[in-house]
Every structure is written in structure tokens, then in C-alpha cells.
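What follows is a short report on a single structure.
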Amino acid sequence: MSDAGIIEEILRLKKERRAIIIAHNYQREEVQEIADFTGDSLELSRTASTIDCSVIVFCGVNFMAESASILSPEKTVLLPELGACCPMADLIRVSGPRKPWESYPGYKEQPKLIFPIDYSLNDIKKAYPGVPVVAYVNTTAEIKANVDICCTSANVVKVIESIPGDEVICVPDKNLSMWAQKNTKKKVIAWDGFCHVHDRIRREDALRAREEHPNALLMAHPECRLEVLEVADHVTSTSGMLRYAKSSPHNEFIVGTETGLMYRLKKENPGKIFHPLRKDMVCPNMKKTTLQSVLRALKENVNVVKVPEDIRVPAKRALDRMLAL
Ligand code: 13P
Ligand code: SF4
């Protein structure tokens with residue numbers, strides 16, 4: 001079937017099944033193009049909870065579809081590619097041993113430890129009894145069910161500031177945690193996880209990009225290393241970058257996040273110029289979803305993501321606390 005034929009069939013099935021398609025800002029261009037909503041993790045969680053429909057086709061990675069299922073248990077949530085995961089989200093466990101290094105892209109050598117990555121969430125809690133735990137939304141439903149509150153890259157500092165006490169545990173992204181630490185007076189206890197797409201960028205890459213494009217402003221995602229964030233003009237979530245680029249009087253930008261965001265940046269700002277910070281900032285899991293997989297999920301009702309009630313209810317509490325802010 002041609003792409004036009006696939007799109008026609010998707011639109012027909014969408015109507016028939018009262019379905020809505022939502023896509024993360026990193027998705028393939030053609031997938032973003034057929035989506036009813038595109039956005040960052042926070043926007044997509046909100047959309048999933050407020051939208052009136054029977055089926056949500058979530059074009060993103062598994063923790064995002066789980067969040068949609070947690071917030072909208074009465075809706076059928078479909079993840080077009082079941083193998084679309086976030087290695088950082090999948091690495092941290094509530095208890096028991098972590099997955100082997102080989103299953104985690106980016107871990108070529110033993111990382112520098114902040115809070116030992118061999119520790120499960122329960123081990124960390126035991127080491128810091130009574131200290132509240134914030135989980136980045138890039139975590140499994142099971143982790144969310146065992147923490148006090150969730151956060152996204154857009155609201156991590158606000159979430160940390162909203163919690164009583166002087167200390168907070170923040171999992172799983174050490175870079176996001178260190179960025180938060182720089183912006184709050186509270187003590188942030190970080191775990192040693194990271195996103196292999198953002199963590200590969202070094203300060204030299206940022207300085208080189210600045211040299212190559214001296215008139216451009218550098219926007220960076222807080223999943224990048226602190227050494228990169230320190231030389232950026234603006235640190236924000238993917239949708240934060242869209243807002244910043246649109247409202248800024250500047251017309252040239254270096255984009256320090258996954259290259260999928262370039263599509264919306266260029267589309268929504270036709271007169272402006274965007275350069276990727278590094279061309280290999282590509283998340284293979286975000287690229288797994290295709291028009292064909294969207295069609296298949298809708299047609300055959302496969303790849304249903306349903307979080308069991310005993311996990312969903314406590315996980316929803318953590319997400320609701322964040323959304324209430
Ligand atoms: P945003 O919340 O900024 O969209 O980021 C999600 C993500 O997975 C970043 O790698
Ligand atoms: Fe996970 Fe990184 Fe991909 Fe985002 S870009 S989904 S954090 S691996």
C-alpha cells in the first residue's frame with residue numbers, strides 16, 4: 001500500500017474507533033504529520049488524561065503509553081511498536097538486580113558512580129530512610145507506583161521545590177538530577193542512570209557547534225551533561241525549545257536534543273535556521289514507529305498497553321501530584 005493509502009486507512013479507522021493519535025516530538029516526520037497532538041512528555045500526559053475518545057494510539061516509547069494507561073484506564077491505549085522502549089527508564093528496578101550492561105546502549109564501560117547503579121529503588125530508600133523520592137516520567141509504571149511524585153524535564157525544579165524537607169532522591173537520570181541540583185538549594189541525591197542519546201554529547205561538541213555557528217543560540221535538553229548545559233543559552237524540555245525558538249528575536253539556533261524535534265522547529269519557524277548540536281542525536285526507539293505500525297495497531301487492536309490496577313492506582317497518585325502543580 002502507498003503512504004497515501006495507509007494514511008487514508010488510518011484516518012478511516014480513527015473515526016470508526018473514536019481514536020486519537022498522539023506523538024512525541026521525536027517521532028518520524030510522517031508520524032508527527034498524522035498525529036492529532038504532538039508534544040513533550042508533560043503535554044502528552046495531560047492530553048492523554050483530558051481527551052474524549054475510546055482509543056489512544058501513543059506514538060512514543062513504552063513508559064509514555066503506560067502513563068496514558070495510568071491516567072485513562074477506561075481507554076484502550078495502543079503502542080504501535082511494542083519494542084519501542086527507553087533504556088534509561090527500563091534500567092532502574094524497584095528491587096532485585098539490574099539488567100546486564102549489554103542490554104543498555106551507551107554503557108560501554110563502567111560509569112562513574114554517583115549513587116551506585118547496582119542499587120534498586122528499595123536499596124536507595126533504605127540508605128536514605130524517609131527522604132522523599134521524585135521519579136522522572138521516564139520510568140516504568142512500577143517505579144512510579146513506589147515514589148512520592150513524578151516530574152518531567154519541564155518541571156523538575158518546581159516539583160523538587162514543592163516537596164517538604166531539605167533532601168530529595170531523584171531517579172533515574174543523573175544529568176537531570178544534577179541540573180536540578182544546580183537550580184535548587186535542596187540536596188538532590190542522584191542515581192546513576194542516563195539517556196544514551198543526550199549523554200554522548202560533550203562540552204567540546206557544544207563549543208565546536210558554537211564556533212561553527214557563531215550567531216546561533218544554543219538550546220539544550222536537561223538530559224545532557226551539566227558540562228553541556230553550562231555552555232547553553234537555554235535549558236528546557238522539547239516543547240520548551242519550540243516555545244523559546246518561536247518567541248526569541250534570534251533567527252538561528254543549535255538544537256541540543258534528539259533530531260526529531262528539528263521537524264517541528266523548522267515547520268513552525270519557516271524563516272529561522274536550526275542546526276543539530278550533533279547529527280547522531282537519534283533515539284532508535286523513538287524511530288521504531290512507522291505509518292505501517294500505526295495502521296496495524298489500529299486495525300488489529302494489537303499492542304494494547306494496560307497497567308494492572310494494583311500498580312496503576314499508586315502510580316497515578318505520583319503522576320496526579322505532579323499534574324496538580
Ligand atoms: P521531553 O519531556 O522534553 O519531551 O523529553 C522526553 C525524552 O524522552 C527526552 O529524551
Ligand atoms: Fe529514552 Fe533518551 Fe530515547 Fe528519550 S531520547 S526516549 S530518554 S533513550
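In listed order, ligands and their atoms are each counted from 1. These numbers were taken from a predicted model, which means no experiment stands behind them.
Of all the atoms in ligand 1, the ones that sit under 4.0 Å from a non-hydrogen atom of Asp40 are 1 (P), 2 (O), 4 (O). The ligand atoms of ligand 2 that sit less than 4.0 angstrom from a heavy atom of Cys195 are 2 (Fe), 5 (S), 7 (S), 8 (S). Close approach of ligand 1 to His24 is summarised as follows: ligand atoms under 4.0 Å from at least one heavy atom of the residue are 1 (P), 4 (O), 5 (O), 6 (C). In summary, the atoms of ligand 1 found under 4.0 Å from a heavy atom of Asn138, numbered by their order in the structure, are 7 (C), 8 (O). For ligand 1, the atoms lying closer than 4.0 Å to a non-hydrogen atom of His221 are 1 (P), 3 (O), 5 (O), 9 (C).
One finds a salt bridge joining Arg243 and Glu43 here, because a Lys/Arg side-chain nitrogen approaches an Asp/Glu carboxylate oxygen to under 4.0 Å. For Arg225 and Asp205, the salt-bridge test fails: no basic side-chain N is under 4.0 Å from an acidic carboxylate O. Using a 4.0 Å cut-off between a side-chain N of Lys or Arg and a carboxylate O of Asp or Glu, Glu211 and Arg208 do not qualify as a salt bridge.
With a 4.0 Å cut-off on non-hydrogen atoms, Asn138 touches ligand 2 through its side chain and not its backbone. For Glu258, no heavy-atom contact with ligand 2 is shorter than 4.0 Å.
Side-chain contact between Lys14 and Val57: absent, with no pair of heavy atoms (C-beta onward) separated by less than 4.5 Å.
The N/O atoms of Ser237, backbone and side chain alike, include none that comes under 3.5 Å of an N/O atom in ligand 1. For the pair Thr238 and ligand 1, the shortest N or O to N or O distance falls below 3.5 Å.
Proximity of Cys195 to ligand 1 is not established, as no heavy-atom distance is less than 4.0 Å.
Among Pro284, Ser41, Pro87, Gly193, the residue whose heavy atom lies nearest to atom 8 (S) of ligand 2 is Pro87.
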